[in-house]
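On a predicted model such as this, the values are computed, not experimentally measured, just so you know.
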Amino acid sequence: MAAPQFTLSVLVCALLICSVTAYPNGRVARSCAGMIPQHNHSPQSDPVHKITVSQMKFKPGDQIKVTLSGPPFRGFLLEARNAEDLSGPPIGTFTLIDSDSSQILTCEDVQGFAVSHTSSSIKTEIKVYWNAPSSAPDHVQFLATVVQKYKIYWVKIPGPVISQPSAPPFTTPEATTQPLTMAPSVSHLTKPFSASECGNKKFCVRSPLNCDPENEPACVFLSFTRENQSVMVEMSGPSDGYVSFAFSHDQWMGDDDAYLCIYEDQTVYIQPSYLTGRSYPVMDSRGTLEDMAWRLADGVIQCSFRRNITLPEAKNRFVLNESYYIFYAEGAAHDGRIFRHSQQPLITYEKYNVTGTPQNVGGSRSSALLKAHGALMFVAWVTTVSTGVLVARFFRSVWSKAFFFGQAAWFQVASMFRVCVCVCVCVCVLCRAGYHPYLGCIVMTLAVLQPLLATFRPPLHDPRRQVFNWTHWSVGTAARIIAVAAMFLGMDLPGLDLPSPQKTYAMMGFVVWHIGTEVILEIHAYLLSRKVEILDDDRIQILQSLTVAEAEGHVFKKVVLAVYICGNVTFLMIFLSAISHV
């Protein structure tokens, strides 16, 4: 499992239900066979929509107009089946009349086997042509699944039966549809879960690590208790939509065994699902779960269920006596539909076997690489860049003596900072999300360009020196401004999950701190220059000993730089501490 664009793996990254309505674009080819939306609700029993045809007799090659109409609806799926075997594959193909409201689907590798909607806009009528195939059976019946809203839909609404001219009279089969299975029973929990047996009888995942859901509503809690050949699962967390967890072989989204508890109409629906990638989860049958129960209190969803350690008959259910990463996520739900998680999922640091020795473990909502990215960015721009800029601008006279390779000390120090920034930015650009990466790429380009420009610096009195100075200043200033914008955006990445609004205040404090320091040094440089008065073109009268003035100026600058560095380190520690606690 994985977080999009390097945000760590997401437990239920786009948790929407895989169905006709959950796919507002109508691409529901996976529902062709059963024509059943996986909406976690029972279909309506009495159809209110009807299917009509332009003729009741057909022969191979004929084109028949089919109309689906009725009260306003949003989604549909229309097919033709052998009237004597409605469980068989679709028959014939469709041709569109209005491509704005309907689209052709490819079912069983045959294009045109079915027709569905193109959007969730309200419709009252759909018209298409059905093309009779050369191998058509004697009798064909049209079926439609219609979705009015997420919880209200009808499955396989029967339409008219059309027949070939020489076909014998059609007789209705005794049973055209399979009876609906009864939903598993669900009970109500009478009290909150307890963490008292975590590490003794229960394998627990908690955040914060030692929280107790019995006394702390904000506690994220998962427990697994082995009982012979089954496992009792308890899940609790604050949410007004859903809570969920999943088992994963890796830290990337895809091929994961997930379970959701969805709050709707003062009830919690417990639903197993399967994640196929960075897409909506495929809802599974609840027949694999037993002893389901739930509780709602103080904005906390609690649910529990039992499932066997091995489920050979269930294709997408993992065996529980192996080790997996465990993910926990929560998010919004409306009208039975679930949406993307509200924050990064909680992920265990390593794989665990929940049926093995009971343990008490925690997790993180951010990957180690993403934390490293944030830490290196703060090191680069809070310390090295800002300090290097001050050294290059205000310390030329302070550290003017030649250092390595005959270059002045201030130049060597500034170059060292530039190289550090370049290395940090190049490493950090590997981790990106949202608009942040684009700004990061620009900053990386400018950061690499700066030390390269410095190597081509013309001599002091070279005519090109003025052009170089302005170019070098412009590139550096642009990099700093864009970097600040990128850092503000980066702090909002869900993968870091830094506390708000403290993160914004801290970043604003650093910007003000840096600008204030530059202003102080600029004012000092201006006041120092006023100590010299030009008397004429040839003579300069020193109002005060220039050596003493320079010495005092150097001491002041060094003091300001020391205080500035201490402040920067303080800001850096604040940021790094926040990142490490995610």
Can Ile36 and Thr145 be said to form a side chain to side chain contact (heavy atoms under 4.5 Å, CB included), step by step? CA-CA 7 Å; Ile36 302 175; Thr145 291; over 6 Å; no
Apply side chain to side chain contact (heavy atoms under 4.5 Å, CB included) to residues Leu86 and Lys156 and explain how you reach the verdict. CA-CA 10 Å; Leu86 294 180; Lys156 291 187 177 180; 5.8 Å; no
For His117 and Leu77: C-alpha separation, side-chain torsions, deciding distance, then whether side chain to side chain contact (heavy atoms under 4.5 Å, CB included) applies. CA-CA 7 Å; His117 53 285; Leu77 181 63; over 6 Å; no
Between Arg317 and Tyr259, is a side-chain hydrogen bond (donor to acceptor under 3.5 Å, both in side chains) present by the stated rule, with each step listed? CA-CA 10 Å; Arg317 303 274 73 85; Tyr259 300 84; 3.3 Å; yes
For a side chain to side chain contact (heavy atoms under 4.5 Å, CB included) check, start with the C-alpha distance between Gln111 and Ile104, then their side-chain angles and the critical distance, and finish with the verdict. CA-CA 7 Å; Gln111 185 177 17; Ile104 295 299; 3.8 Å; yes
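Aromatic rings from Tyr352 and Phe224 are positioned such that their centres are separated by 6.0 Å or more. Under the 6.0 Å cut-off for aromatic ring centres, Tyr263 and Tyr242 do not qualify, their centroids lying 6.0 Å or more apart. Taking the six-membered ring for Trp and the full ring otherwise, Tyr325 and His249 have centroids separated by 6.0 Å or more.
Judged by distance alone, the side chain of Asp257 and the main-chain N or O of Phe318 form a donor-acceptor pair under 3.5 Å. Although no hydrogens or angles enter the test, the distance criterion places no donor-acceptor pair under 3.5 Å between the side chain of Ser323 and the main chain of Lys351. Within the 3.5 Å criterion, the main-chain N or O of Glu227 finds a donor-acceptor partner in the side chain of Ser230. Using a distance-only test at 3.5 Å, with no hydrogens or angles considered, no donor-acceptor pair links the side chain of Tyr274 to the main chain of Asn316. Side chain of Ser248 to backbone of Asp250: a donor-acceptor contact under 3.5 angstrom is found. Proximity of a side-chain donor or acceptor of Thr118 to a complementary backbone N or O of Asp100 within less than 3.5 Å is detected. Although no hydrogens or angles enter the test, the distance criterion places a donor-acceptor pair under 3.5 Å between the side chain of Gln271 and the main chain of Asp284. In terms of modelled atom types and a separation under 3.5 Å, the side chain of Ser239 and the main chain of Gly241 share a donor-acceptor contact. With hydrogens and angles ignored, the 3.5 Å screen pairs no side-chain donor or acceptor of Asp298 with any backbone N or O of Val300.
Distance CG/Asn308 to CG/Leu311: 5.5 Å, rounded to 0.5 Å.
Counting all heavy atoms, side chain and backbone alike, Glu234 lies closest to Ser223 at OE1-OG, 2.7 Å.
With a 4.5 Å cut-off on side-chain heavy atoms, Phe73 and Ile126 count as touching.
Pairs engaging residues 212-274 under the disulfide (SG to SG under 2.5 Å) rule: Cys211-Cys219, Cys261-Cys303 [sequence neighbours left out].
Side-chain contact check for Asn353 and Thr355: at least one donor-acceptor pair (N or O, by modelled atom type) lies under 3.5 Å.
In terms of the salt bridge (charged side-chain N to carboxylate O under 4.0 Å, His left out) criterion, Lys123 has no residue partners (sequence neighbours excluded).
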For residues 288-296, which side-chain donor-acceptor pairs fall under 3.5 Å, sequence neighbours excluded?
| from | atom 1 | to | atom 2 | distance (Å) |
| --- | --- | --- | --- | --- |
| Asp291 | OD2 | Arg306 | NE | 2.8 |
| Asp291 | OD2 | Arg306 | NH2 | 3.3 |
| Arg295 | NH1 | Gln302 | OE1 | 3.3 |

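Test Leu346, Val243, Val205 against Val220 for side chain to side chain contact (heavy atoms under 4.5 Å, CB included) and you get one pass: Leu346.
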